[in-house]
Amino acid sequence: MDKKIKLIPGICDTKNRHYLPEKLLDGKTTVNENGNNSQVYPANLKEYRAVLADDIEDVWYEYVPNSYDPEKKTPLVVSMHGGLMTGWGQAVYTSWTLVADREGFIVVFPNAASKRMWMMECDWEKVIETLGQISGDVPLLHKPENHVEDYHDVKKTVKLIEKMKEKYNIDAGRIYMQGMSMGNAMTGQFARYMGSILAGAAGSGCPTNSKLLFDNRHRVINQSGPLDIWQSRLELDKVPPHYREGDHETIRYNLEYWNLVNGCDALPQIGIRDEYNFAFYKGSQGNNVLMDVKNRDHGQTFDDAELVWDYLFSGCYKDESGRLHHSEPRKKWCVDEVNFAVAKDRRKAWVNNGIMELHIPCFFWEKIKYHGLNGNAIVRGSYAYIPVSSLAEIFHMRLKTEENGRVAYLCGAPQIGKIISEEVEEIQFAEGNIACIVNNSVESMYAEAVMKENELCVSLEWFARRFLRLSVSECDGVVYATDHPSRISWHMADLIRTYLT
């Protein structure tokens, strides 16, 4: 049975300018900025020190909630801190301890062994080449040597998991890992090489360099097999400079990698809840989830752990043979049952999580003000235009045309999914007119109807809002509509545009 979670009040340090202010150790202070958001230092968080591997003393932090029942097999979450941070920092910058209070699982937060930086594989020559693009207060990455399995941070993490299994009643089939920033890259590394001991892995910020995911023939580099994956991205984040590839490309390659490993469907199911943009990929071997958060900087949202647990980790486990299985997660995937999207210059549309063809490519049309500007112009709006004939197909209406298509009628009630507008019987459009006729009454649109490639076109945003009362947002030339408040993010726009190409 779920246990009740309680937030402890704290005093927010609004003047903080540090990655990890030591003041947080007082158990009274919180910090909040668009990347790192904290809770008060948890009372049950305990520090431990011991030699786990290579005769090196390591430090880690254990969180055992009061709801832990030693008589029951208990899940374990290993949470990896970002670069220049610590295990206790990762504990206060996430909601893992709060979710653990409710669910009864145990969380361990290890420290990186040296410089607060994880030992990781990387393209070392590119790292050296891009030194001038890195802030002077950031230490150089560790130079990778030998094999990933030989890295101390990897070995000690394996030993730490074994130690937790000896100390507590850990369910070996329900061990998960999550990381933030460099901790996300560390989690990805562990998942690719040692992931056989995990059921799921998740991370926020800092996707993996694609050079480490694929060989020169674009074959996946993987020693662990399938496991459930969660990838949190932040709209305003940037990949490290030594990757030498764009932000969109890196994120697409990270998605492709785990889609291939997990045998995922070609198309995701998309759900956008306010600023949280989700793409859920169902796989024959494992699932893969992308979450892109609009208007967020590098880091992680404070509820990231809650979302990872509710939608993914709570519904995956491995049996004794190491095979991945799925049960119902705590929360059903938040898929938009009603959605459609178009992208500038693309001849396809995303409709209810599928693809359909448009009669001509989507284009953007500007609403202009000239009057009183001495011949100059002000753009008052720019809207995605598609053919009226395509509107008829998307919204299940009958189409009639006259005068070589320069006049068009949409007849019947527009409908998408379970949403239907019973008030509409007929809409008439005519080239060059900003007005249309709805049920024999005059109404203005955002901008005029336009002929292009022998098709009469109007604003998709206007139509969706006016007749279906849908929420419509635009980002980077992609327009998305659904039946609840939503704001499409930069990486989600790129993902949809890729599928519409």
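- Sorted by first and then second residue, the pairs that involve residues 284-297 and meet salt bridge (Lys or Arg N to Asp or Glu O under 4.0 Å), not counting sequence neighbours, are Glu235-Lys294.
- A salt bridge does not link Glu474 with Lys344: none of the charged nitrogens is closer than 4.0 Å to a carboxylate oxygen.
- With rounding to the nearest 0.5 Å, the separation of CG in Leu290 from CG in Asn254 is 10.0 Å.
- When only modelled atom types and interatomic distance are considered, Thr86 and Asn111 share no side-chain donor-acceptor pair under 3.5 Å.
- With sequence neighbours excluded, no residue forms a salt bridge (Lys or Arg N to Asp or Glu O under 4.0 Å) with Lys318.
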Begin from the C-alpha positions of Trp118 and His142 and carry the test ring-ring contact (aromatic ring centres under 6.0 Å, His included) through to its verdict.
-> CA-CA 8 Å; Trp118 299 104; His142 297 292; 9.8 Å; no
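- A donor-acceptor contact closer than 3.5 angstrom links the side chains of Asp319 and His325.
- Between the side chains of Gln223 and Tyr193, no donor N or O sits under 3.5 Å from an acceptor N or O.
- Counted by atom type alone, Asp123 and Asn209 present zero donor-acceptor pairs between their side chains at under 3.5 Å.
- Between Phe280 and Phe278, the angle of the ring planes stays under 30°, which puts this pair in the parallel group of the 30/60° scheme.
- In this structure Lys238 satisfies the salt bridge (Lys or Arg N to Asp or Glu O under 4.0 Å) test together with Asp247, sequence neighbours excluded.
- With respect to Lys167 and Glu62, a salt bridge is recorded, a charged nitrogen being found less than 4.0 Å from a carboxylate O.
- A 4.5 Å side-chain heavy-atom check between Val289 and Tyr281 finds every atom pair outside the cut-off.
- Rounding to the nearest 0.5 angstrom, the gap separating the OG1 atom in Thr157 from the CD atom in Gln189 is 9.5 Å.
- Using a 4.0 Å cut-off between charged nitrogen and carboxylate oxygen, Asp494 and Arg252 count as a salt-bridge pair.
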